There are 2 protein chains.
Amino acid sequence: MEYSSNQVSKMSGVSARTLRYYDEIGLLKPARIASSGYRIYGQAELDTLQQILFYKEMGFSLTDIRKLLSAPDFDREQAFMNHLAELSKKRERLDTLIETVTKSIAALRGEQTMSDKEKFRGFKQAMIDENEHQYGTEIREKYGEEAIERSNARIKGMTHERYAEGERLRQEAEDTLKAALEIGDPAGELAQKACDLHGKWLAVFQPEYNKAYHKSLGELYVADERFKVYYDKIAPGCAEFLRDAINIYCAG
Amino acid sequence: MEYSSNQVSKMSGVSARTLRYYDEIGLLKPARIASSGYRIYGQAELDTLQQILFYKEMGFSLTDIRKLLSAPDFDREQAFMNHLAELSKKRERLDTLIETVTKSIAALRGEQTMSDKEKFRGFKQAMIDENEHQYGTEIREKYGEEAIERSNARIKGMTHERYAEGERLRQEAEDTLKAALEIGDPAGELAQKACDLHGKWLAVFQPEYNKAYHKSLGELYVADERFKVYYDKIAPGCAEFLRDAINIYCAG
DNA sequence: AGTTGACTTTGACGCAGCGTAATACTTTAT
DNA sequence: ATAAAGTATTACGCTGCGTCAAAGTCAACT
């Protein structure tokens, strides 16, 4: 079935102007261009638009959305599962906001006291600080590491410099890790250097370095299949090796 | 208790740049400027910032937020009650989105069929069309007519022209209504003219004029204290008069 | 007191993601 | 055939900041 841009616009609520913009930036190309010059969309395009709107709902930039959708391993069913989880978290944030309102009313009426910090619980900006550890990690494994770091960088207002530094550290940590794995000594100088770099990478995104968290992250890399797969792509056995090296590093 | 902009920023998650911008546009002035030139915020400013963030959460522009907050009849407790209601509606929208995802998954697996229109249920843009009647009315009475019409205009992508036409019609309807009230005949030419204008104003925001809706709106103006207050500000007894005039108009 | 790093200001440029509008061509309905 | 609706391209502008440079202020340390 085919649709004109007006029909797609009415169906989705996205303006025709927006559809043209999406075509222009390569985010959503029409199925074909009629002899009149009119854009014609098909089933696949509607499905893509739906995905775009879900990612927009999660706060991704159009550039990031394009990357995610064009990744060779993009899987629609997996994406839906991710949307489901994220919508649930978003719903929780709304619950927190609702709680903030009810508490604010009670405070206004003198029925209870409320700290100034509490007044901002649930707002998007404040949520980043509260949930950075879990938020970052969970999204990262679901959506891919690069897109997440970009998303986090944008949300947190990190400078390009700082973000680039994080990228450099991560890349160097992984390269060092790979070299250390060839030697095979988690207590060795190279492995400990990799851990040091890894910790520095971690510190770019956290208020400050936390040894316990670093250690638990190493365990997570082994315990969670998806992380394990990610690291074993660097080299087989990498996840366990890094976990062991981190344990030694944090014990030192 | 006083706070520096850094402290407010950390507490609320709003950047210092944003705080400066809010000061610049008159949205959130600091309590005072220290001798150093630094902005110092107090309790009242924190409370105002909280309100700003709630309205932003509802999608209001900063200009509209400033108008709402500076209105002589702005009441914080009433505002909280409104935020509560709006957050609930927002939560319902999320539920609809979640439903859309689960249905999409089922459709993907071939377990059920899904129309193309259904794929977009719950997205912000699509929600406007589905709920315009109730959505517009409820927000209007809660937040003030002008702000709502501006908000709706923005959301719906109305042209400035069309919006201005709606404004002109509303103003003329109210002026005519006032003059008709002085005559005192709801069936009179002037009163019926006011109803005609009022109906035309209604039609600017609806897909098409609906007599039943127009009539129920007249009843609402009398039944709901806040509407009654609004119209009786034009002239005492105005709400009932308009309700009566509309009933006659719609019976004609 | 001097130094350094963190904090804060003002001024200014640029960006994402469109909305709006003009002009001209195409399609649809009467 | 005509008029209205639909659609394209081109181009400007807007909101709400993010980023950055330059300079002043504050706080902690030596």
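Because only heavy atoms are used, hydrogens play no part in the values below, and waters and symmetry mates are left out as well, while side chains stay in. In the text below, chain A, chain B and the rest are named by the order of the sequence lines, each starting its count at 1. These numbers were taken from a predicted model, which means no experiment stands behind them.
- In this structure, Met114(B) places its CE atom where more than 12 heavy-atom neighbours from other residues, nucleotides or ligands lie under 6.0 Å away.
- What separates OH of Tyr3(B) from P of dC26(D) is a distance of 21 Å, to the nearest Å.
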Any N/O pairs under 3.5 Å between the protein and nucleotides 13-16 of chain D? List them or say none.
{"residue": "dG16(D)", "atom": "OP1", "partner": "Leu62(B)", "partner atom": "N", "Å": "2.9"}

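- Atom CG of Leu28(A) and atom C1' of dG17(C) are 15 Å apart (whole Å).
- In this structure, the CD1 atom of Ile52(A) is 16 Å from the C1' atom of dA16(C), given to the nearest Å.
- Comment: Asp23(A) does not engage Arg20(A) in a salt bridge, judged by the lack of any side-chain N to carboxylate O separation of less than 4.0 angstrom.
- The CE atom of Met58(A) lies 10.5 Å from the CD1 atom of Ile65(A); values are rounded to the nearest 0.5 Å.
- Between dA8(D) and Ser5(A), a contact under 4.0 Å exists linking OP1 or OP2 to a side-chain N or O.
- Taking the charged nitrogens against the carboxylate oxygens, Glu2(B) and Arg32(B) do have a contact shorter than 4.0 Å, which makes a salt bridge.
- Rounded to whole Å, the distance from CG on Asp23(A) to C1' on dT7(D) is 13 Å.
- dT8(C) atom P lies 8 Å from atom CD of Gln7(B), rounded to whole Å.
- Rounded to an integer number of Å, the gap from CD1 of Ile33(B) to P of dT8(C) is 13 Å.
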Report summary line: Per-nt protein contacts along nucleotides 22-30 of chain C (heavy atom under 4.0 Å; B base, S backbone sugar-phosphate only, - none) come out as ----BS---
**Report entry** Step-by-step ring pair (Phe, Tyr, Trp, His ring centres under 6.0 Å) determination, Tyr55(B) to His83(B)
**Finding:** CA-CA 8 Å; Tyr55(B) 283 116; His83(B) 300 328; 4.9 Å; yes
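- Side-chain contact, Ser104(B) with Gln50(A): a donor N or O sits under 3.5 Å from an acceptor N or O.
- In this structure, CG in Leu97(A) is found 12.0 Å from CZ in Phe120(A), a value given to the nearest 0.5 Å.
- Closest contact between the side chain of Arg17(A) and the listed nucleotides dG19(C), dA12(C), dT9(C) involves dG19(C).
- Put simply, Ser4(B) has a side-chain N or O that comes within less than 4.0 Å of OP1 or OP2 on dT8(C).
- Contact annotation: Asn6(B) does not reach the phosphate of dA6(C) (side-chain N/O to OP1 or OP2, under 4.0 Å).
- OP1 and OP2 of dT7(D) both lie 4.0 Å or more from every side-chain N or O belonging to Arg39(A).
- Taking the charged nitrogens against the carboxylate oxygens, Asp196(B) and Lys193(B) have no contact shorter than 4.0 Å, which rules out a salt bridge.
- The separation between Glu24(B) atom CD and dG11(C) atom P is 9 Å, rounded to whole Å.
- Separating the CZ atom in Arg93(A) from the OG1 atom in Thr100(A) is a distance of 10.5 Å, to the nearest 0.5 Å.
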